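Each chain gets a letter, A, B and so on, in the order the sequences are listed, and its residues count up from 1. The model shown is predicted, which means the values in this text are computed figures rather than measured ones.
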Amino acid sequence: MTDQAPILVLAIPLLTAILMPLAGLFREKLCYPLVIMIMMVTTALSGAILFQTIHFGPIHYYIGDWRPPWGIELVIDPLNALVLLAISVSALLAAISSKAVVEKELEGKEIYFYTLFLLQMTGLTGMVITGDMFNLYVFLEITSITGYALLAVGEDGSYMAVFKYLVMGTIGASFYLIGVGYLYMATGSLNMADVASLIPGVIHSRIVFFAFILCVAGLFVKMAMFPVHGWLPGAYSKAPSAAAALIAPLTTKVSVYILIRICLSVFTAEYVFDFLKQTDFIVWLASATIVFGSLSALAQKNYKKMLTYILIAEVGYMVGGFFLGNRLGISGAILHIVNDVAMTLALFLGAGIFFWKTGSGEREDLKGLFVKMPLTMTGFALAAFSVIGVPPTCGFFSKWYLISGGIAGGQYLFVAALIFSSLINAVLFFRLFEIAYFQPFADHHHAPAHGAVAIEEAPIHMLAPFLVAGAILIALGLYSGEIVTQIIQFAIPAEIM
Amino acid sequence: MLDFIIGKYNYWFYIILMMVGFYAIIGKRNLVKKIIGLNIFQTAIILFYVSIASKKGATLPILEHHGGHGDHAAIIEVASYMNPLPHVLMLTAIVVMVATLGVALGILIKIYKRYGSVEEDEIACVIKSENMKYEVGK
Amino acid sequence: MPMETLFSIKPALAVLVSLLAIPGIVLSKKPNVRESWTFIAAIAKLAIIVSMLPFVLKGGEFHYTLIEIWPNLGISFRVDAFGMLFALVASSLWIVTSIYSIGYMRHLDEHSQTRYFTFFAVALSATIGVAFSANLLTMYLFYEALSLATYPLVTHHQDKEARTSGRKYLFYILGGSIALALPAMLITYHFTGTLDFAAHGVMAGKINSGLGLALTLMFLFGFAKVGIMPMHSWLPAAMVAPTPVSALLHAVAVVKVGAFSVVRVLTGIVGTGFLADFGIHFVVAVIASVTIIVASLIALSQDELKRRLAFSTIGQLSYILLGVCLLSEAGMTGGILHIAMHAFGKITLFFCAGAIFCATGIKKISEMTGIGKRMPVTMAAFFIGSLSVVGLPPCGGFISKWQLVIGTMQAGQISMLMVLLTSSMLNAAYFFPVFYKAFFCSDDESLFEDKVDEAPIWCVVPLTLTAGISVILFFFPQPFLNLAQLAVSAILGS
């Protein structure tokens with residue numbers, strides 16, 4: 001069974017997505033349990049795959065039994081097994097939490113929502129486990145197209161925002177496609193491992209150089225690096241909460257993962273770090289992203305938009321960390337992919353609960369929530385502490401690696417940007433907490449009346465995944481060392497110090 | 001120099017086409033025209049891929065079978081057949097393009113229903129007037 | 001003297017026991033049941049800590065690793081003499097403060113008492129966590145936990161003033177630790193490869209003098225809880241909190257955590273040898289002296305009693321740093337001992353301030369003329385507390401001050417001696433008028449009638465208790481003096 005796990009983890013959501021409309025026409029209530037079940041199956045399979053790659057080495061699965069480099073293969077090593085498990089768990093929690101939101105915001109469209117949900121999962125999974133460059137493009141577009149549809153049915157203004165996302169996203173994917181084309185021209189192959197073995201032969205070729213630039217540029221659009229980030233704030237903040245909870249933690253992080261994958265396993269680390277020597281510029285760009293994201297977040301009155309700008313800054317962490325080029329930095333970047341999936345999930349699930357409760361995305365409407373929803377606010381506080389970087393949550397440990405990597409690499413601008421963003425994040429979240437905690441204002445000694453406000457928490461199927469996400473933040477933090485030494489360090493080529 | 005331009009005319013074509021598409025996306029106010037521009041952009045890429053598959057004097061990449069499954073030693077001159085792989089890839093890319101187009105047009109219909117126009121500046125006006133009404137009415 | 005180490009879960013238990021009481025506190029329906037959970041936790045904590053005392057007094061240490069994150073670094077605990085001293089002070093005073101809290105909060109019918117007691121428990125957990133940290137990472141973790149746990153306590157009243165003070169609190173404390181202490185910690189780790197507190201520090205030979213000075217200053221200002229100027233403004237601002245919060249946290253736990261952390265870093269990470277070799281101790285001593293003098297001067301100008309006490313605390317904390325930076329045996333002993341002596345003295349003073357507010361609603365010193373007639377017990381305790389803080393017999397503060405004076409002479413730092421003496425006179429200048437006016441004023445000046453009308457009994461008992469302890473400590477400074485001496489011999493000796 002586990003031999004087929006790679007294709008199953010891809011095929012099961014895909015086939016279910018096709019069957020979903022039929023099931024839905026039969027009985028609408030069936031969709032939600034079906035999605036939960038499928039997500040649990042994919043999570044279990046991902047866990048099994050991770051276990052297998054740690055103990056037995058990378059998995060190569062040849063689709064249709066066509067051998068590479070002509071056939072398309074699925075390659076799973078510890079790095080993508082880790083990312084796969086992260087996205088499966090994240091999607092599972094987002095799915096569980098989606099019920100109340102879908103009922104409230106997307107009445108009558110549940111069937112289609114869950115169908116697109118499963119297709120999105122297929123796309124993301126495919127992106128993570130594929131071993132072929134063009135196949136990656138196909139899955140990238142599957143993810144993006146279903147993403148456009150999922151994000152479009154949100155608040156007023158979501159259509160224009162998603163239209164912008166569509167145009168920018170397609171341009172980005174097209175750049176990636178051109179890059180793949182150039183790479184094919186230079187090496188004659190589309191299989192990732194094959195190209196990697198052929199690159200040293202064509203290392204001086206300008207075609208390869210432009211292929212690299214185009215692929216990276218395309219992925220930068222997909223992950224919303226400054227300055228091509230313009231689509232993200234609008235698209236994610238106006239989206240329905242359930243869609244945002246699924247897409248926000250995943251799409252940008254998987255794009256970062258792909259960037260790391262093509263740099264390490266396709267263009268090879270020697271080419272990227274030793275030959276090109278342009279990485280300083282990218283670290284500078286990442287620092288700019290971090291600062292820009294943090295400052296823009298400061299200017300937002302809408303808490304959902306604030307979260308999206310924080311997301312952009314987090315992307316800067318990962319890209320900058322990776323392009324530091326040392327072991328600490330790359331470990332930090334990869335660790336942060338996993339940690340950021342968890343953190344973003346927690347943040348957007350929390351935002352979903354707030355939106356469900358108050359019906360508004362404005363910060364000012366969060367008054368008094370500490371009293372009315374203490375559990376939610378505790379969970380949100382945990383997520384906030386992780387973003388700020390307070391131990392023992394996972395955010396602290398990613399920062400540990402990233403800052404250490406910056407110090408080791410002499411990139412003090414990057415270190416300063418990281419610290420700056422931690423401080424700004426503290427301001428951002430405590431601003432929210434102040435509104436939720438202090439307002440409505442008590443007058444001097446006649447404080448909020450004793451126990452007059454009843455506790456009205458979110459429904460259990462929204463609250464439970466959220467609190468689980470919060471607990472995961474602490475667990476990931478305490479196990480960071482394990483994750484790095486057992487999994488991540490095998491993903492980094494031995495030559496990198 | 002001349003050889004550089006004429007010899008690589010396929011690349012020039014695709015770049016010019018791509019820039020035309022890009023200009024349409026950025027420069028045009030009408031959302032439908034933007035989408036058309038996007039399509040042109042993507043088509044240019046398809047053109048690029050197909051162009052790199054062609055060879056001088058090559059023919060379609062179809063092998064003639066004399067019954068059975070090509071086991072017997074028919075020496076195939078690779079240079080006389082076009083490279084089929086990019087064509088195949090582009091079939092997929094066309095599908096992606098069409099799917100994106102479909103979603104884009106779907107969103108466009110919704111935009112039209114909501115704002116009554118597909119011109120970017122008119123939509124901006126509608127949004128602005130609604131915001132003002134909202135603020136006045138608050 | 002070889003250091004015996006014992007691997008035992010007790011340090012971790014001491015830290016966690018108050019967290020275990022939290023479900024009890026949160027879920028209790030009746031206030032008395034809820035408060036009893038706090039007492040159970042506090043007594044259990046003290047019991048565990050005291051049980052470790054005999055072994056530590058013999059020169060032993062307890063070690064325990066809670067979670068190993070990296071092979072050589074994780075969340076680890078180590079109970080040595082220095083940590084034991086601080087832990088004893090903090091945990092014993094928690095019990096006393098809890099008694100006081102009951103009186104204060106119930107008399108004023110404060111809101112959200114459950115939240116108050118819950119975060120008090122978390123704060124104490126974090127404090128003991130800092131005390132028993134074996135490495136800088138653990139200490140940083142619990143330091144941050146303390147900052148966050150005390151925020152709801154400082155901003156308890158939830159009004160606009162509380163919000164502004166909360167912002168100041170976070171700005172200096174969280175801002176300092178993230179912007180300064182965190183990078184300093186990471187840079188240290190990068191160059192030395194370890195964050196364990198070592199007897200002679202870890203920087204020697206691995207870090208050059210310029211970087212060492214920079215890192216020391218980053219730690220000094222980064223751990224803003226120690227209140228070195230200019231990172232001191234949060235302390236007076238935090239006085240908006242209910243007095244029991246101010247009492248324990250700002251006279252004992254929060255500020256002492258700051259002082260403890262800085263002393264730990266100076267001795268265990270930077271190392272006395274490194275400090276002496278490059279003269280860094282002198283730089284820190286000067287900064288501390290400036291803080292002492294300036295804080296004492298500002299205290300003179302404050303009319304609100306709690307603010308005067310806050311500035312007094314700022315000055316007193318720098319005594320601890322000054323003592324340690326003398327690098328002489330008596331100086332360091334005095335500095336470390338002052339952690340304990342000042343705690344008991346200052347908490348008495350804060351309890352008195354709270355009792356006065358509780359009974360009369362008065363916060364300003366100018367309105368306290370003649371209050372001795374109404375609250376003689378309170379003001380007598382105030383007198384004893386101020387004697388201890390100024391450093392006069394028969395109070396415990398005299399012993400630590402005496403050691404500090406001897407220390408300056410041992411180190412040959414006459415300028416520091418002058419600083420000590422001047423500040424002592426300033427201390428007297430801002431304390432004595434308070435109780436002088438309270439007791440010795442003519443009947444027409446007095447704002448109060450002759451009737452004795454003390455604060456509730458739950459408030460008065462703790463303050464007499466701590467005042468009494470301050471006096472007892474003069475005659476029997478053990479085990480604090482022994483612990484301080486053991487700690488100093490571990491740092492300077494071998």
Side-chain angles (χ1 to χ4, degrees), chain A residues 69-70 72 112 116 119 123 132-135 137-186 188-191 207 210 214 218 235, chain B residues 11 14-15 18 21-22 24-26 28 31-32 34-35 37-53 83 85-86 88-93 95-115 118 120 123-124 126-127 130-131 134:
Chain A
W70 300 280
I72 294 179
Y112 310 117
L116 289 172
L119 282 173
D132 182 285
M133 294 289 276
F134 189 79
N135 197 227
Y137 169 74
V138 174
F139 280 116
L140 184 66
E141 284 298 76
I142 294 179
T143 312
S144 306
I145 295 175
T146 48
Y148 305 145
L150 280 169
L151 294 172
V153 285
E155 295 173 45
D156 197 35
S158 59
Y159 299 134
M160 287 305 288
V162 171
F163 186 82
K164 187 174 185 183
Y165 178 23
L166 191 150
V167 171
M168 287 184 78
T170 310
I171 295 179
S174 305
F175 279 154
Y176 175 80
L177 186 60
I178 305 176
V180 171
Y182 279 12
L183 203 55
Y184 177 66
M185 274 171 59
S189 173
L190 291 170
N191 181 289
I207 306 178
F210 274 99
L214 284 163
Chain B
Y11 301 116
Y14 109 78
I15 289 177
M18 200 163 84
F22 203 55
I25 294 172
I26 298 180
K28 293 289 173 188
L31 296 183
V32 179
K34 283 187 197 283
I35 293 181
L38 193 63
N39 253 19
I40 296 175
F41 188 87
Q42 292 177 295
T43 309
I45 299 175
I46 295 174
L47 188 64
F48 158 64
Y49 264 83
V50 170
S51 72
I52 62 176
N83 189 347
L85 182 61
V88 164
L89 298 179
M90 285 306 102
L91 284 175
T92 312
V95 170
V96 169
M97 191 173 93
V98 170
T100 313
L101 180 63
V103 175
L105 289 174
I107 295 178
L108 211 54
I109 293 177
K110 282 292 194 181
I111 290 180
Y112 183 70
K113 281 206 184 126
R114 169 72 181 80
Y115 298 106
V118 284
E120 211 178 31
I123 294 174
V126 171
I127 296 179
E130 282 185 10
N131 278 346
Y134 177 61

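- With contacts defined as side-chain heavy-atom distances shorter than 4.5 Å, the pair B/Leu38/A/Leu166 qualifies.
- Taking the six-membered ring for Trp and the full ring otherwise, the centers of A/Tyr182 and B/Phe48 sit less than 6.0 Å from each other.
- Put simply, the side chain of A/Met160 reaches to within 4.5 Å of the side chain of B/Leu31, judged on heavy atoms.
- Contact count against chain A (heavy-atom pairs under 4.5 Å) is highest for B/Thr100 among B/Thr100, B/Ile127, B/Ile35.
- Most heavy-atom pairs under 4.5 Å with chain B, from the set A/Trp70, A/Phe163, A/Tyr148: that is A/Phe163.
- Looking at residues two or more places apart in sequence or on another chain, you find a side chain to side chain donor-acceptor pair (under 3.5 Å) between A/Tyr184 and B/Asn83.
- Using a 4.5 Å cut-off between heavy atoms, B/Tyr112 does not touch chain A at all.
- Listed options B/Ile111, B/Ile25, B/Val103 were ranked by heavy-atom pairs under 4.5 angstrom with chain A; first place goes to B/Ile111.
- Taking B/Thr92, B/Leu89, B/Ile123, B/Val95 one by one and counting their heavy-atom pairs under 4.5 Å with chain A, the maximum is reached by B/Leu89.
- Distance CE/B/Met97 to CD/A/Glu141: 12.0 Å, rounded to 0.5 Å.
- B/Val96 is not listed as a side-chain neighbour of A/Leu177, based on a closest heavy-atom distance of 4.5 Å or more.
- Considering every non-hydrogen atom in both B/Phe41 and A/Ser174, the closest pair reads CE2-CB, 3.4 Å.
- Within a 6.0 Å sphere centred on OH of B/Tyr115, heavy atoms belonging to other residues, nucleotides or ligands number more than 12.
- Contact annotation for A/Val153: neither backbone nor side-chain heavy atoms come within less than 4.5 Å of a heavy atom of chain B.
- Between the CD1 atom of A/Ile178 and the CE atom of B/Met18 there is a distance of 4.0 Å, given to the nearest 0.5 Å.
- The contact between B/Leu108 and chain A is made entirely by side chain atoms (from C-beta outward), counting heavy-atom distances below 4.5 Å.
- For a residue to count as touching a neighbouring chain, one of its non-hydrogen atoms must lie under 4.5 Å from one of that chain's; by this rule A/Ile142 does not touch chain B.
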